[in-house]
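Since this is a predicted model, take the numbers as computed values, not measurements. Sequence lines set the chain letters: A, B, ... in the order given, protein chains first and strands last, and positions in each chain run from 1.
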Amino acid sequence: MAAADDASPSPKKPSPKKNPADKAAEPAGSRTPSRNFIQQIIDADRAAGKNDGRVHTRFPPEPNGYLHIGHAKSICLNFGLANEYGGKFNLRFDDTNPVKEEQEYVDAIIDDVHWLGGEWEDRLFHASDYFEQLYEWAVQLIKAGKAYVCDLNAEQMREYRGTLKEPGKNSPHRDRTVDENLKLLEEMRAGKYPDGSRTLRAKIDMASPNLNMRDPVMYRIKHAHHQRTGDAWCIYPSYDYTHGQSDSIEGITHSICTLEFENHRPLYDWFCRELGIHHPQQIEFARLNLTYTVMSKRKLLELVRDRHVAGWDDPRMPTIRGLRRRGFTAEAIRAFCERIGVAKFNSTIDMGWLEDAVREDLNERAPRAMAVLRPLKVVLTNVPADKTIMVEAPNHPQKPELGTRQIPLTREVYIEQDDFMEDAPKKFFRLKPGGEVRLRAAGIISCDEVIKDAAGNVTELRGTFDDDHSRKVKGTIHWVSAKHALTTDVRLYDRLFNVPDPDDVPEGGTFLDHLNPDSIAVIQDAKLEPSLANAAPGDQFQFERVGYFYADPVDSQPGQPVFNRTVTLRDSWAKAAGK
RNA sequence: UGGGGUGUGGUGUAAUUGGCAACACGACGGAUUCUGAUUCCGUUAUUCUAGGUUCAAGUCCUAGCACCCCAGCCA
């Protein structure tokens, strides 16, 4: 297999557009314009014949919270690699700490990974599947003199561990006999000792500059109910003692994790080596950071618990569930993950990239419709009150195959308040007194009269309608017939925080200080074109000139959809006007 | 001198491993447009610093600097 790779010619200038269909079929090589450092490692491994050229990755979440966009990066990376090399991808729950984990999270994670496109076939595993094997290996290590039962409590252990700059000192229990250790471990398992009273530790080196190597804990006593193993165990293996061996059991070849585990790699290697089992290669990459949001589980939990958001699936949350409810597509998230790349540099991606990714995807797939968010009535004085003019509008200007629809136009229509200005600047291409604009897909209207209330607010416009489809006018605006309009809730979501780095707070402050008070605006009297009444939950539209919207699957009722704004359209006018 | 990592445009990733710093996104300017959207065209860098080796350095050497991670019986 490796020889075939060597022989395959690498094209000098690969075409910039790669064909996804070729991905699984082709052997690895210089297929893409550039290869990230992980692909380079795998290429080299395969060239060397390591693992018989096999590639097997996994995504190992702990079921103690919901997945967020940062996890999506890891999922796309791991699944993408397996896919690209014709290998396999496992989903494995790292469920070694029963006090923090819940079935609710397990179910949600499975659903989210699947939604994202991760395909694990029949390889859904749990670290808890391996508890018995792990225990046998612990016995093996004790017999080899590589592990011992320690009676130090948490505080004592901390003292014995030393500091970053000073070595630790050996536990007084470090030299127990094999038989004594075996007996103690057995009793720990049997439930003879209370929580925290003893641990099983690996006997490595208390003077190691790497704190993780100073006799790390392999097992701790927790008389807790586990969501899968129930009360079968009262001792649970630690992450370090579990992760590498779980990878090993599953035949993982490349164990990809985030940077903070770099210091743990020597331990990962130590257990595989001492146990003499299949030894996957741990590779670390930089986790995703995004501007205008927070990503830590603790902070996300705080936002939910203290009701700063409506829940884990609040459309403002960076959780997968939140993004789904917002109207993001899996394709957009995958494209985003592809675009941000993967490296070891701790970078922060601009939220604009995520937003661009949905715009790009939705621009292709979302049918167009018209919706007036902040209505201003216009009376077309030359249109009889009982007349309905049907106009034909394309569902997608770039895709005629998506067809057209009929929209009613009557004497009274709503236009966007922002589309009228009494004292308009020169470059304002919309409606102004004495001016005219095109009504999208219909004709041209004029503005002959401006009606105001006592306070001087514009309440109504009057003008005439000209059913002309050839004349050029500078501006085109969207509109909805007043008589036919569907009035419903439209929720405008914006970034949750109003600064790029919410964690950058002065002494005594909190990230909550930077919550954006305008991250949600609910409009209750939005006027939508009548065809939108048929929108099914989960349908997506581009409301022309406004943005992309998603029919909320929870709050929509038959005939009365509720829309969430996924993202606005780019708006160069707003940008220019803002200056 | 505790250890482990990382520094390339506004942002993110490349650079055939010593050979003209490329790609994407944004931003800016322009063209097209019945969405101020989309699309299209153009513009956008003293490679953390200082020395050194070399015909040639982002890449090699030396010395610095900055940032991230590690003292859970969390993962």
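- Taking side-chain N and O atoms only, A:Arg161 has a distance below 4.0 Å to OP1 or OP2 of B:rG72.
- Between B:rG72 and A:Arg158, a contact under 4.0 Å exists linking OP1 or OP2 to a side-chain N or O.
- Side-chain N/O atoms of A:Ser347 include one lying less than 4.0 angstrom from OP1 or OP2 on B:rU13.
- For the C1' atom pair drawn from B:rU13 and B:rU32, the interatomic distance equals 32 Å after rounding to whole Å.
- Less than 6.0 angstrom separates the ring centroid of A:Tyr241 from the ring centroid of A:Tyr219.
- Contact check, A:Lys344 against B:rG7: no side-chain N or O comes under 4.0 Å of OP1 or OP2.
- Separating the CG atom of A:Asp418 from the P atom of B:rG36 is a distance of 13 Å, rounded to the nearest angstrom.
- Within 4.0 Å (heavy atoms only), A:Lys474 reaches no atom of the nucleic acid at all.
- No engagement by A:Ser208 is indicated, since no non-hydrogen atom pair under 4.0 Å with the nucleic acid exists.
- Dashed line: the shortest gap from a side-chain N or O of A:Ser238 to OP1 or OP2 of B:rG72 is not under 4.0 Å.
- When the side-chain nitrogen and oxygen atoms of A:Gln40 are compared with OP1 and OP2 of B:rA15, one or more of them lie within a distance under 4.0 Å.
- Residue A:Arg339 places no side-chain atom within donor-acceptor reach of the base of B:rU13, judged by atom type and a 3.5 Å distance cut-off alone.
- The side chain of A:Thr348 places no N or O atom within less than 4.0 Å of a non-bridging phosphate oxygen (OP1 or OP2) of B:rU11.
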